[in-house]
Every structure is written in C-alpha cells, then in structure tokens.
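These values consider heavy atoms only, across backbone and side chains, with no hydrogens, waters or symmetry-generated copies. Residue numbers count from 1 along this sequence.
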Amino acid sequence: MLYHAYEIQRNLMNSASSWAAISASVLSNTANPFAKMGAIPLAANALDVFAHATASYGKPAFGITEIESGGKLYPVIEATVVNRPFGDLKRFRLDGIDDTDDTVRPKMLIVAPMSGHYATLLRGTVERMLESYEVYITDWADAATVPVHEGHFDLDDYIDYLIDFLEYIEGQQPGQRPHMLAVCQPSVPAFAATALMNKHKSPAAPATLTMMGGPIDTRESPTSVNDHAMNRPIEWFRNSVIATVPMNYRGAGRKVYPGFMQLSAFMSMNLRSHMMSHYEMFKHLTSGDDASAQATKDFYDEYRSVCDMTAEFYLQTVEEVFQKHSIPNGTFEHKGDIVDLGALTETALLAIEGERDDISGLGQTRAALKLTPNLPEDKKRYYMAEGAGHYGIFNGSRWRTKVAPVVEEFVAAHPG
C-alpha cells in the first residue's frame, strides 16, 4: 500500500501546486491593478515557492546544445547508441570535431549512479568532460517503467551492462581503449567490471578508471548513510522499504525501492538546509533577483526528479557494499565467481574524494588504491577536493576548475 498512498498524496499535491501556480500568476500579472499593492507581491512570491516545492517532476532532458572547446564553440550531437531494458548508452559528440577523421578525441564513459536520480543529475559533469572527450553516459531507466517480462536487474547485471557498453565504445575505434569515470555508488560495480576485464585481457578494458565519492570501503569514516545501512538487518529493508509498482505504470507488479523514498531520506539528512534554500528563493523573488531564484529552481527541478530502483539491485547493494563489505574483504562475487582485484594490473586508477562529503566519507574511495596490490604505484593517484561536499566533486565551480583538470591530467598521462 506504500506506493498507492504515495500516488494519492502526489496527485493531491499536484492539484495544490497547480492552484498555487495559477494564483501566483494572477496576482503578479501586470494587468492586475493590485499587483504592486500591499502584501500582494509577497503573497504571489510565497505561492510561487509553494507551487515549485510541491510539484512533481518527470525525467529531465540533458539539453546540452553547445560547448566551447579550444576557444571555439561547437554544436553538441546527442544520441542513444545502445538501447537496453534497464538502461541505455548515450553519446555526446561535438559537431565539427568528433565527426572528422583527422581528430580522434579520447572516449570517456561516465557511469551515472542508479540511486534514485536520473543521469541528468550529471549534466554538469558531461558538459565539462565534453571540452576534452567524446562522452558516453549510462542512462538508467526508471524501474517503474520496465515491464515485469523484461526480467530482473541486480549488481551482476549492472556489471554486465558496463562491460557491454565499454566493448561497444572500443568497437567504434578498435585499439583505442576508453576511459571510465564512476560517480558515487557505481564506483563499486565499475571497479569490479574493470577487474574482470583486466583478468580476461579484454581490449575494451578501460585505460583509466576514475572513482569519485564511491563507497568502496564504507568502514572508513562512516557517515549517517552508512550507519543507517549497518544498524538494521537486510530483512528490515526487504520488509520496510520495498514496494510494488502500481497498475498505472508499465512496470506494474515489479518490486522496487521507490525513488520518492530515497529522495525523502536525502532531504531529511539536510532538512534545515533545504528549508533555508526555499526561504532564500522567496527572498530573491521578493527583491527582484529572478536569476538567483531561477538557479535554485533549476537545482530542485533536477534534484527532485526521481526514479525507482529494482528491489534486487537495491537489496544486494545494501547487503554487499554496506553490510558485508564484500569488496574490501575480497568476497565480492559476480555470477558466483569471486572478483579478483589482484588481477587489475593494467587500468590506471584515480580516486577522488570531497573533504566535506557526508555521503561517502573520506577514505572510502581511496581504499580502492590499497586493494589492487599488483597495479604499479605509478598507475595510482589520489585527490581530495578541499571544501567540497558530495555534490561538489562532480558539479559546480569546484568540479569545473579544480577536480576536472585533475581527471584530464590523469587521463593524458595514461592514454592506453
């Protein structure tokens, strides 16, 4: 009944949001003779904030139209190049560079997290990487839209998808090994996939793997997220947070961890901060600073666009990553076989962490460098982004000016 109760609440809030938006528009309309009188502007702004805060959002578009590279502005060509039930592979190319034979830019696969948000949360990551690379990104599906007959999707399938995507990318330019950048949660399956491909001497094994704020070893500097996963048995998660998709979705009957629950958990971690953000938006509107108000709206439009995860993927991740610590303990399996991190001998590793990350604590990603004893030390690097939180290591000014140059330098040093 959890999902059904949410659907009822969502529909009610959508109605309230629509009425608030209409009322705000009427009150602030220049044709309204009372628009500038008394408390009318304040009421209009308050209704505008309420309408935005209570609206529901679908899947956003990347909307990247042009990128400056080498001092020139290039149109961006976006295409879905591999279509799979639980996630597509998207490609972004610069028209005028990537479509010419005399310029072969390195290929970068960005692995977006399957953690309740769409891949568009990494729009800023894609934009910055497009300056130097032909970019691919995993575009994971909302599990509520995947029919039950398409089967299940767990960590093993996630790893298989990554391997297939890397093989596709390498196949576009045989002999040119792609690079891979994993943001947050997918650091674990990306790490495992890289070890497997190194073990099997795959020509598509990434030349470099950059892991950013990933939970490789959650015993290092545990955060409230880690504590939440550790303090309850896996059966509690199975019985308390797993829901069944209602009949009005294509994935009706599928067991999922709903995106709205993940969003609620993240919002509650910093509730005061989110409340202050909306209050600041109200003040910006009141003072006429529409640009700042719109920036806040744009952030929350993206942040509150959520999707569901399959129950099997979510539960396996909680159990293997946060409870059993299977990767650092050397017991992580892929389809019944132990993933041998000692076999990772070719792919260069870059671990990036944010100094103030409250999702993946300091040391959790760096642990990957200790778990690969047979990888030469000159193929390992660690970088801590001073002052950066979890979001700041892959989006915003710190990402663009501090973190991204480190990635570019590392990739250039290990072209593969």
Side-chain angles (χ1 to χ4, degrees), residues 6-7 10-11 13-14 17-18 21 48-67 75-93 109-130 135-146 181-186 212 245 248-251 256-267 274 277-278 281 290-309 359 390-396 399-400:
Y6 165 74
E7 285 293 299
R10 183 174 68 88
N11 289 329
M13 294 304 288
N14 278 344
S17 176
S18 298
D48 191 5
V49 173
F50 176 81
H52 181 266
T54 54
S56 59
Y57 301 91
K59 182 178 181 179
F62 276 95
I64 305 173
T65 57
E66 54 185 20
I67 291 291
V76 176
I77 303 173
E78 173 187 338
T80 298
V81 293
V82 179
N83 185 267
R84 303 284 293 274
F86 291 94
D88 300 334
L89 180 65
K90 277 190 174 293
R91 181 184 66 199
F92 294 85
R93 311 179 75 183
L109 171 61
I110 297 176
V111 188
M114 183 182 280
S115 56
H117 284 100
Y118 291 100
T120 48
L121 190 68
L122 304 188
R123 184 183 291 103
T125 319
V126 173
E127 288 176 330
R128 182 60 179 82
M129 290 291 94
L130 265 173
V135 175
Y136 294 77
I137 189 169
T138 56
D139 188 22
W140 303 115
D142 180 353
T145 67
V146 183
L181 185 153
V183 179
C184 190
Q185 163 266 323
M212 306 176 67
V245 177
N248 55 313
Y249 289 92
R250 291 180 66 234
V256 298
Y257 175 59
F260 64 82
M261 293 196 68
Q262 182 78 322
L263 178 63
S264 298
F266 279 139
M267 294 282 281
H274 291 298
S277 292
H278 284 84
M281 181 168 68
D290 293 340
S292 296
Q294 189 59 48
T296 303
K297 287 183 178 181
D298 290 343
F299 171 79
Y300 280 101
D301 285 351
E302 190 71 56
Y303 191 71
R304 292 173 54 219
S305 298
V306 294
C307 54
D308 299 348
M309 290 173 268
I359 303 295
H390 189 71
Y391 192 77
I393 58 177
F394 62 87
N395 251 323
W399 152 249
R400 292 191 298 270

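Closest heavy-atom contact between W399 and G124: NE1-O, 3.3 Å.
Atom CG of residue D139 and atom CZ of residue R91 lie 14.5 Å apart, to the nearest 0.5 angstrom. The distance from the OG atom of S115 to the CD1 atom of I359 is 9.0 Å, given to the nearest 0.5 Å. Residue I77 holds its CD1 atom at 7.0 Å from CZ of R93, rounded to the nearest 0.5 Å. Taken to the nearest 0.5 Å, the OG1 atom of T65 stands 8.5 Å off from the CD atom of E127. Taken from NZ in K90 to CD1 in I137, the straight-line distance is 9.5 Å, to the nearest 0.5 Å. A distance of 5.0 Å separates CG in D88 from OG1 in T80, rounded to the nearest 0.5 Å.
For the pair W140 (side chain) and F86 (backbone), a donor-acceptor distance under 3.5 Å is absent. With hydrogens and angles disregarded, no donor-acceptor distance shorter than 3.5 Å links the side chain of N395 to the backbone of Y391. Within the 3.5 Å criterion, the main-chain N or O of A61 finds a donor-acceptor partner in the side chain of R123. Checked by atom type and distance alone, the side chain of T138 pairs as donor or acceptor with a backbone atom of A112 at under 3.5 Å. Counting only distance, with no hydrogens or angles, the side chain of R128 and the backbone of R400 share a donor-acceptor pair below 3.5 Å. Between the side chain of D308 and the main chain of A143, no donor-acceptor pair closer than 3.5 Å is present. Counting only distance, with no hydrogens or angles, the side chain of D142 and the backbone of M309 share no donor-acceptor pair below 3.5 Å.
V135 pairs in a side-chain contact (heavy atoms from CB on, under 4.5 Å) with only one of the listed residues (I64, V76, I110, L109), which is I110.
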- Please test T120 against K59 for side-chain contact (heavy atoms from CB on, under 4.5 Å), starting from the C-alpha separation and ending with a verdict. CA-CA 8 Å; T120 48; K59 182 178 181 179; 5.6 Å; no

- When you look at Y136 and F92, which way does the ring pair (Phe, Tyr, Trp, His ring centres under 6.0 Å) test go after all the steps? CA-CA 6 Å; Y136 294 77; F92 294 85; 9.2 Å; no

